[in-house]
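Notes follow once the structure below has been shown.
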Amino acid sequence: MTSETYDRIYEVIEQIPEGNVATYGQIARLAGLGGHARLVGYALHACDRPVPWHRVINARGEVSDRADAYAEQLQHRLLAKEGVRFDERGRIALEQFRWEDEEADAE
DNA sequence: CGTCTGACGATAT
DNA sequence: TATATCGCCAGAC
């Protein structure tokens with residue numbers, strides 16, 4: 001655990017059910033970070049835990065452009081394998097696959 | 001301790 | 001709808 005903040009983020013991501021996706025901003029809110037989506041992305045960048053990072057996408061409903069293009073393909077494949085479909089532009093219908101958490105109130 | 005950068009989000013144009 | 005800009009926090013140098 002790099003910091004308690006990161007651990008909180010990983011914990012939220014691990015709660016994302018299969019076949020669903022969550023945005024960085026949503027995770028940040030559930031983790032109690034407010035709307036600091038950047039921290040979520042940065043946390044995943046330094047992730048040392050086996051979290052389902054492939055279920056984490058940006059607010060536009062698409063996979064963020066990261067350094068390793070290979071991981072990007074992997075993310076698309078993993079999501080497709082779970083039933084998540086992409087449109088012609090390579091974007092996900094958030095209104096359909098977005099994970100709706102009911103425990104936004106952590107403590 | 002100052003500065004730059006980064007898996008983002010929202011708003012403006 | 002796409003592009004450009006600012007704000008946010010934490011880590012690397």
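Please read all numbers here as calculations on a predicted model, not as lab measurements. Below, chains carry the letters A, B, ... as their sequence lines are ordered, and counting in each starts from 1. These numbers come from the heavy atoms of this one structure, side chains and all, not from hydrogens, waters or symmetry mates.
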With sequence neighbours excluded, what pairs up with Arg98(A) under the side chain to side chain donor-acceptor pair (under 3.5 Å) test? Gln26(A)
How would you list, by chain and number, every residue that makes a side chain to side chain donor-acceptor pair (under 3.5 Å) with Glu82(A), sequence neighbours excluded? His54(A), Arg55(A)
Given side chain to side chain contact (heavy atoms under 4.5 Å, CB included), test Trp53(A) with Leu74(A) step by step and report yes or no. CA-CA 11 Å; Trp53(A) 54 270; Leu74(A) 179 62; 4.0 Å; yes
Summarise how protein sits on nucleotides 8-13 of chain B as a single string, 5' to 3': B when a protein heavy atom is under 4.0 Å from the base, S for sugar-phosphate-only contact, - for no contact. BSS---
Protein-nucleotide distance ([X], atom [atom1]; [N], atom [atom2]), rounded to Å:
X: Ile27(A); N: dA7(B); atom1: CD1; atom2: C1'; answer: 10 Å
X: His76(A); N: dA7(B); atom1: NE2; atom2: P; answer: 15 Å
X: Arg66(A); N: dT5(B); atom1: CZ; atom2: C1'; answer: 18 Å
X: Asp68(A); N: dG6(B); atom1: CG; atom2: P; answer: 14 Å

So what is the 5' to 3' dot-bracket string for DNA chain B, if pairs are Watson-Crick or G-U wobble with both distances under 3.5 Å, crossing pairs use [ ] and | means the partner sits on another strand? .|||||.||||||
Between Ile9(A) and Leu39(A), what is the shortest heavy-atom contact and its length? CD1-O, 3.8 Å
Which heavy atom of Tyr24(A) sits nearest to which heavy atom of Ser64(A), and what is that distance? CE1-OG, 3.3 Å
DNA chain C: Arg89(A) or Thr5(A), which has the more 5' nearest nucleotide? Arg89(A)
Name the residue closer to the 5' end of DNA chain C, choosing between His36(A) and Tyr42(A) according to the nucleotide with the nearest heavy atom. His36(A)
Could you work out, with ring-ring contact (aromatic ring centres under 6.0 Å, His included) as the rule, every residue matching His76(A), not counting sequence neighbours? Phe86(A)
Side chains of His45(A) and Arg66(A), heavy atoms from C-beta outward: is any pair under 4.5 Å? no
Identify, with sequence neighbours excluded, every residue that meets salt bridge (Lys or Arg N to Asp or Glu O under 4.0 Å) alongside Arg60(A). Glu62(A)
